[in-house]
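Quick notes on the structure that follows.
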Amino acid sequence: MGDYSVVVLDFETTGLSPDNGDRAIEIGAVLVRDNQLVDRFQSLMNPGKRISLFIQDYTGITNAMLKKAPPIDEVMDEFSNFMAGHHLVAHNAGFDRRFLDAELQRIGKRRTQEFACSMLASRRIYPDAPSHNLEALVRYTDIATDGTFHRALADAEMTARLWIGMINELKTAYRLRQVSFDLMQRLSKISKASAPAYLSRIAETP
DNA sequence: TGCCAGGCCCTCTTTAGGGCCTT
């Protein structure tokens, strides 16, 4: 489990909760190693049922597109190989973690690696951002974009660039040589109020 | 047909409520 590689992932789904029968319809993921995007994974998935007009409008993914897509089980099996051995990151990770774990469970697999959240990290690293949704953070931090939002690979790539940007921000602001996944995860788990003191303490530690 | 989550975070808080964030 390398400290310096993470898989940043994003799901498009039929709704908000796998416990209510919602399923994944697209996964996008980027492998980040040494703060570089070095590999990508993307696939639509056929959930075996029609998706709502809201989801079609929100994502641009249509029922016609999903009809031609491979089944979820097949894609998730491939993706479990892609993510193997890497820590995981997502924006509002609780959402993607629930879907990842639910879809893996359906194919008899289980996630073992740690999951970190770029949204929780951004609330601590960019407390003055006007909003901490992905699109607002992309604009706030001047991340290049082709204007595509709410598609899995585009969102995963932007989240990966946001993650790299936050690591670089910490390196610069606190004169750190390296910022590990563990540090990012700890920063996200401590209360937002105590984050500034925590970071100052890290900066003083050689 | 109608309904629909979960966790963080703030505050007019802790015997709670509501906005944000993800689709």
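Chain naming here is simple, since letters A, B, ... match the order of the sequence lines and numbering starts at 1 in each.
Among residues two or more places apart in sequence or in another chain, the side-chain hydrogen bond (donor to acceptor under 3.5 Å, both in side chains) test is passed with A:Asp146 by A:Thr148. Annotation: ring pair (Phe, Tyr, Trp, His ring centres under 6.0 Å) contacts of A:His132 (sequence neighbours excluded): none. With sequence neighbours excluded, no residue forms a side-chain contact (heavy atoms from CB on, under 4.5 Å) with A:Lys68. Applying the ring pair (Phe, Tyr, Trp, His ring centres under 6.0 Å) criterion to A:Tyr58, with sequence neighbours excluded, gives A:Phe54, A:His150.
For the segment residues 149-156 of chain A, the set of residues with a heavy atom within less than 4.0 Å of an atom of DNA chain B comprises A:His150, A:Asp155, in numerical order. Across residues 93-108 of chain A, A:Phe95, A:Arg98 each have a non-hydrogen atom less than 4.0 Å from an atom of DNA chain B (numbered order). Residues from residues 44-71 of chain A placing a heavy atom under 4.0 Å of any atom in DNA chain B, listed by number, are A:Phe54, A:Ile55, A:Tyr58, A:Thr59. Within a heavy-atom distance below 4.0 Å of DNA chain B, the residues of residues 10-30 of chain A found are A:Asp10, A:Phe11, A:Glu12, A:Thr13, A:Gly15, A:Leu16, A:Ser17, A:Asp19, A:Asn20.
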Mind listing the N/O atom pairs, protein and nucleotides 18-21 of chain B, below 3.5 Å?
| residue | atom | partner | partner atom | Å |
| --- | --- | --- | --- | --- |
| B:dC21 | OP1 | A:Ser131 | OG | 3.4 |
| B:dC21 | OP1 | A:His132 | N | 2.7 |
| B:dC21 | OP2 | A:Ser131 | OG | 2.9 |
| B:dC21 | O2 | A:Asn92 | ND2 | 2.8 |

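B:dG19 and B:dT15 are spaced 22 Å apart, taking the C1' atom of each and rounding to whole Å. The same atom, P, is picked in B:dC9 and in B:dG2; the two are 37 Å apart, to the nearest Å. Separating the P atom of B:dG18 from that of B:dT1 is a span of 31 Å, rounded to the nearest Å. B:dC20 and B:dC3 have their P atoms separated by 23 Å, given to the nearest Å.
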When the side chains of residues 93-108 of chain A are checked against the rest of the protein, which donor-acceptor pairs come out under 3.5 Å, sequence neighbours left out?
| residue | atom | partner | partner atom | Å |
| --- | --- | --- | --- | --- |
| A:Asp96 | OD1 | A:Phe11 | N | 2.9 |
| A:Arg98 | NH1 | A:Gly94 | O | 3.3 |
| A:Asp101 | OD1 | A:Arg111 | NE | 2.9 |
| A:Asp101 | OD2 | A:Arg111 | NH2 | 3.0 |
| A:Glu103 | OE1 | A:Arg23 | NE | 3.4 |
| A:Glu103 | OE1 | A:Arg23 | NH2 | 2.8 |
| A:Glu103 | OE2 | A:Arg23 | NE | 2.9 |
| A:Glu103 | OE2 | A:Ala24 | N | 3.1 |

Below 3.5 Å, can you tabulate the donor-acceptor pairs from side chains in residues 27-42 of chain A to any protein atom, sequence neighbours excluded?
| residue | atom | partner | partner atom | Å |
| --- | --- | --- | --- | --- |
| A:Arg40 | NE | A:Glu157 | OE2 | 2.6 |
| A:Gln42 | NE2 | A:Glu26 | OE2 | 2.7 |

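Counting only N and O atoms by type, the side chains of A:Arg124 and A:Tyr198 include no donor and acceptor under 3.5 Å apart.
Between A:Glu135 and A:Leu120, the residue whose closest nucleotide on DNA chain B is further toward the 5' end is A:Leu120.
The interatomic distance linking A:Leu187 (CG) with B:dC8 (C1') rounds to 14 Å, in whole Å.
Among residues at least two apart or in separate chains, side-chain hydrogen bond (donor to acceptor under 3.5 Å, both in side chains) pairs with a member in residues 9-21 of chain A are A:Thr14-A:Asp22.
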